[in-house]
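Note that the coordinates shown come from a computational prediction; the quantities given were computed from them, not determined experimentally. Below, chain A is the first sequence line, B the second, and so on; all start at residue 1. As a basis for the values below, the full set of heavy atoms in this structure was taken, side chains included, without hydrogen atoms, waters or symmetry mates.
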Amino acid sequence: MTVVERPTLAEVGASVPRKDGREKLSGQAQYVGDMEVAGMLHGKILRSPTAHAKITSIDTSAAQEMEGVAAVLTGDDLQDIEPYYGHAIKDRPIVALDRVRFAGEPVAAVAAVNEATAEAAMRAIEVEYEELPVLGTLEQALAADAQRLHDRRPKIGLFHGLGDLGEQQGNVCYRHTISAGDIDRVRKEAAITVEGTYTFPAVYQYAMETHATIAHYHGDGVTLWANCQHPFLVQAEIADLFGLQVGSVRIMVPYLGGGFGSKSYTKMEPLTVALARKAGRPVRIVNRVEESMVTTRRHGMRCWMRTTAGADGTLLTREVHFWLDTGAYADNGPRVTATAADAAPGPYRFEAADVQGYCVYCNTPPSGSYRAFGATHLQWIGESQVDEVARRAGLDPVRLRRRCLAVPGEPVRPDGTGKPLDADLVGDVEQAAAAVGWDEPRRPWRGRGVSVGLLAAGAHPVSRASVRLSSDGSVDVYVGTTELGQGPRTVMAQIAAEELGVSSGLVHVHGADTRFTPYDRSTGASRSTTVAGLAVKRAADAVAQRLRETAGEVWDVDPTLVDLVDGHAVFSGEEITFPDLIAKRFGFRGGEIIEGGEVRPTGGDTGSYAEGPHFWEVCVAGAEVEVDPDTGIIDVLRTATIADVGKAINPQLIERQDEGATLQGVGNALFEEMRLVDGLVTNDNLLEYRVPRVADLPKRMRSIIVENEDGPGPYGAKGCGEGAFAAVPAAIVCALADAGVPMQELPLTPERVWRRIQELSKSTP
Amino acid sequence: MDLTLTVNGRELRAEVEPHELLLDFLRDRLGLTGAKRSCDVQVCGTCTVLVDGAPVSACSYLAADAHQKEVLTIEGFAQMQEFERFEDAFLRHAALQCGYCTPGLLLTIKSLRDNGELSNEAEIRHGLDGNLCRCTGYRSILEAARELAA
Ligand code: FES
Ligand code: FES
């Protein structure tokens, strides 16, 4: 007996308008900074003005005496707890204890009746510092005689997911290596060698909404309203820090004004909780932009890479050594390092490879996640070397890729571990190339490039969800995925609607509240649709089973023969509405059907980060650029990104997300850069730190969806929205090299590009 | 100092500090949180409200300067009949994601439209160049604006 399938997918695959659209358009959508709770105080943080110093004294007496000040917090208030946190490495104190390690590090915090009072009190705190040598660059931090920034033996965080972190060497807080084959032997066979050193800038995610938290510490535990991407991981860290039971920490997450990784893991929450604990009242802290910039950022990087090939361009070896500036505290640096190492070889069939990634402590603001981390760092370098191989072999870059790219089922990692390739990369590259006019005639100072890479995605595949069908036929979905703008409140509704045979208009998806929402590991790594979406599908499917069973009882038929269509159970010409069915089940017009769904790694321990990834996110793009040789200004004429999503549940949301990723990629490639001088961010405002505006749009921008139903998620879906970010800068760099200007440093500012053009014209008379 | 102004069609009187910002006045005193704070330096446009029909960055505009003027925020605009067209256009083109920049954009487009400054592509692009959006990549917003210009 088979289940009667609905003939077509009605909800899945439809560009349903955003379900949060009206609330956001009318200004009613609430973000943490818009919220007030009864008795709430306002918090301000005193931050270190210097990048490295010993704190010799803190005098808070003047601040404490000010009218309207409820509490002043310093390290002395944390003596009853072990005040270090960090999901990977517990290296970060809630406030600086005896030493500051970056400019902007919280040293004290004030809670007062309003922001102005809190700010005045914060300024009245007197701190004396004894300056220490600043390790403001990777070179300084890695010098043989550099002071160690962390002298404690680090404690492993709750969610490092990286196996044994080992002993730390100097200021290297984590090291990741991948090696395969006999590199020295194979390299000897090479006819072509491309080698270079490269620089990647620190950049700021700039979610337009800054970090914000409201915390209330009370007899029962802590209640938080926080704009965090991973509420369940923050919940566990807060419980661990303050000696509470996990269930006593309640986190509610409203809408987020963008995340892009900047709100992943624990950020401002421990400090806000500590301040609220001292004040005995709820406290809200809302960062200003200059504070968010020193809360988290993307790692700057130095890289050395060498690629070799045979005379016909067949790729033979790749060696990569890279150093990421993770700042004063590890944050997500170890994971970024591992993901960058995964991206370093590129998805090619190399005979031998050697990758060594180092995550390095410096006296700079902490670095963490930013959309497509690791892959964005390495793809532009690897792909520009592949193109150089093609040039020297006299091969078209697309042809070389066609020959050397891995095909589905082949290993991605050179050492053969982890998930094999699950995407048709050659097909993706060909589409991207065609979309930027690959075979059209070439004009001087114009170039075209394609880039291909993979991003280890999915994080740890653990999600639960529940779906509730109320007696009136409306549906609520409880899932821990955070709405950052990427659209889960719409997509999850479509999935539940599909399984239940109702319109997504009847389905409501709610923000996470850890007290009631089932566990979800995190919102990031393009995992929401793929992992949490599968949990929603399973939960909705379980509700559908109950409906079929009830209909089976009513009609006395085999439940598997009952179909669910448009809010009705249907069997052989008979139909009954869901509300009537529920009324039959419970004998009155009430009750509900509620069921859960679960996703976990198959086979117990596998599927972890170390073993993973859950799937490989495809990073493919093409670009066409024009450079003005007199000014070095680059004009991005065309971009095309490939969303290789397996199955597009809401095509419009996918296209729109990739357009956003494209512009972030353009910014990262062309002009975004946090300027760090002696550890100080010298452009910590939006006047000097420029992000893309309307005028920066590529002349033509295409976002192409590829559906091969080859993902592990619902309906064969797999995640998207990050890959384009890694692919676009790489395609732009390749296009610029094609135009005659190979570059080894990002961003591609007019000055750098112009200088390079001058250099090149001198060396080729 | 004494301030008299109209906010979303209602006349108000309030005592304000001379240095009080319009954004804080609207958000903290009136609970009108649709105008958001982001850059704080008149770059991003997410705090945009209309003062006598012209867009201003409320983060860099003194409340006192709105004396005897009419302020329109997203909460007021959302009550107006023409808002429906804006809503439809933004929804149809999926011209919002996180929504943080959205109220400021809607008000900017409204004022451009009211002042006849949306009549061609160059005007649309120029008019929207003062509003940042980190999520959308702008194309959907331009599409919605073109539709509203028609
Ligand atoms: S917050 Fe006012 S312009 Fe950015
Ligand atoms: S929709 Fe998020 S900033 Fe515009």
Could you measure the distance from the [atom1] atom of [X] to the [atom2] atom of [Y]? Nearest 0.5 Å is fine.
X: A/Met35; Y: B/Thr33; atom1: CE; atom2: OG1; result: 10.0 Å
X: A/Leu25; Y: B/Glu84; atom1: CG; atom2: CD; result: 12.5 Å
X: B/Arg139; Y: A/Arg656; atom1: CZ; atom2: CZ; result: 6.0 Å
X: B/Gln97; Y: A/Glu483; atom1: CD; atom2: CD; result: 9.0 Å
X: A/Glu290; Y: B/Asp40; atom1: CD; atom2: CG; result: 7.5 Å

Which atoms of [X] come close to chain B, meaning under 4.5 Å heavy atom to heavy atom: side chain ones, backbone ones, both, or neither?
X: A/Ala695; value: both
X: A/Arg22; value: both
X: A/Leu663; value: side chain
X: A/Ser26; value: both
X: A/Tyr255; value: neither
X: A/Gln205; value: backbone

Quick one: which of [options] has the most heavy-atom pairs under 4.5 Å with chain B, could you say?
options: A/Asn114, A/Val691, A/Asp20; result: A/Val691
options: A/Gly660, A/Ser15, A/Ala207; result: A/Gly660
options: A/Thr662, A/Leu686, A/Asn685; result: A/Leu686
options: A/Asp658, A/Thr210, A/Leu256; result: A/Leu256

Using heavy-atom distances under 4.5 Å, tell me whether [X] contacts chain A through its side chain, its backbone, both, or neither.
X: B/Leu142; result: side chain
X: B/Arg37; result: both
X: B/Glu143; result: side chain
X: B/Phe83; result: side chain
X: B/Val43; result: side chain

Shortest non-hydrogen contact between B/Cys44 and A/Met208, atoms and distance:
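Looking at all heavy atoms of both residues, the shortest contact is CB-CE, 3.7 Å.
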Provide the closest heavy-atom pair for B/Tyr100 versus A/Tyr31 in the form atom of the first, atom of the second, distance.
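Reported closest heavy-atom pair: N-OH, 3.6 Å.
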Give me the contact list for residues 124-136 of chain B versus chain A, heavy atoms only, anything under 4.5 Å, ordered by residue number.
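Those residues of residues 124-136 of chain B which have a heavy atom under 4.5 Å from chain A are B/Arg125, B/Leu128, B/Asp129, B/Leu132, B/Cys133, B/Arg134, B/Cys135, B/Thr136.
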What do you reckon, is CZ of B/Arg29 surrounded by more than 12 foreign heavy atoms closer than 6.0 Å?
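Check passes, neighbour count above 12.
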Is atom CD of B/Glu15 surrounded by more than 12 heavy atoms (other residues, nucleotides or ligands) closer than 6.0 Å?
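Check passes, neighbour count above 12.
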Keeping B/Tyr138 on the side-chain end and A/Pro692 on the backbone end, is there a donor-acceptor pair under 3.5 Å?
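It does hold such a pair.
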For B/Arg92, is there any backbone N or O sitting under 3.5 Å from a side-chain donor or acceptor partner on A/Gln652?
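Such a contact is found between A/Gln652 side chain and B/Arg92 backbone.
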If you count heavy-atom pairs under 4.5 Å between each of B/Cys98, B/Ala35, B/Cys39 and chain A, which one has the most?
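Greatest number of close heavy-atom pairs with chain A: B/Cys98.
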Among B/Ala94, B/Gly31, B/Ala78, B/Ala95, single out the residue with the greatest number of heavy-atom pairs under 4.5 Å to chain A.
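Option with the top pair count is B/Ala94.
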Under the side chain to side chain contact (heavy atoms under 4.5 Å, CB included) rule, what do B/Gln42 and A/Leu687 come out as? Steps first, then yes or no, please.
CA-CA 9 Å; B/Gln42 228 181 329; A/Leu687 287 165; over 6 Å; no
Residue pairs, two or more places apart or on separate chains, that pass salt bridge (charged side-chain N to carboxylate O under 4.0 Å, His left out) and touch residues 98-115 of chain B
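Those involving residues 98-115 of chain B are B/Glu82-B/Lys110, B/Glu82-B/Arg113, B/Lys110-B/Asp114.
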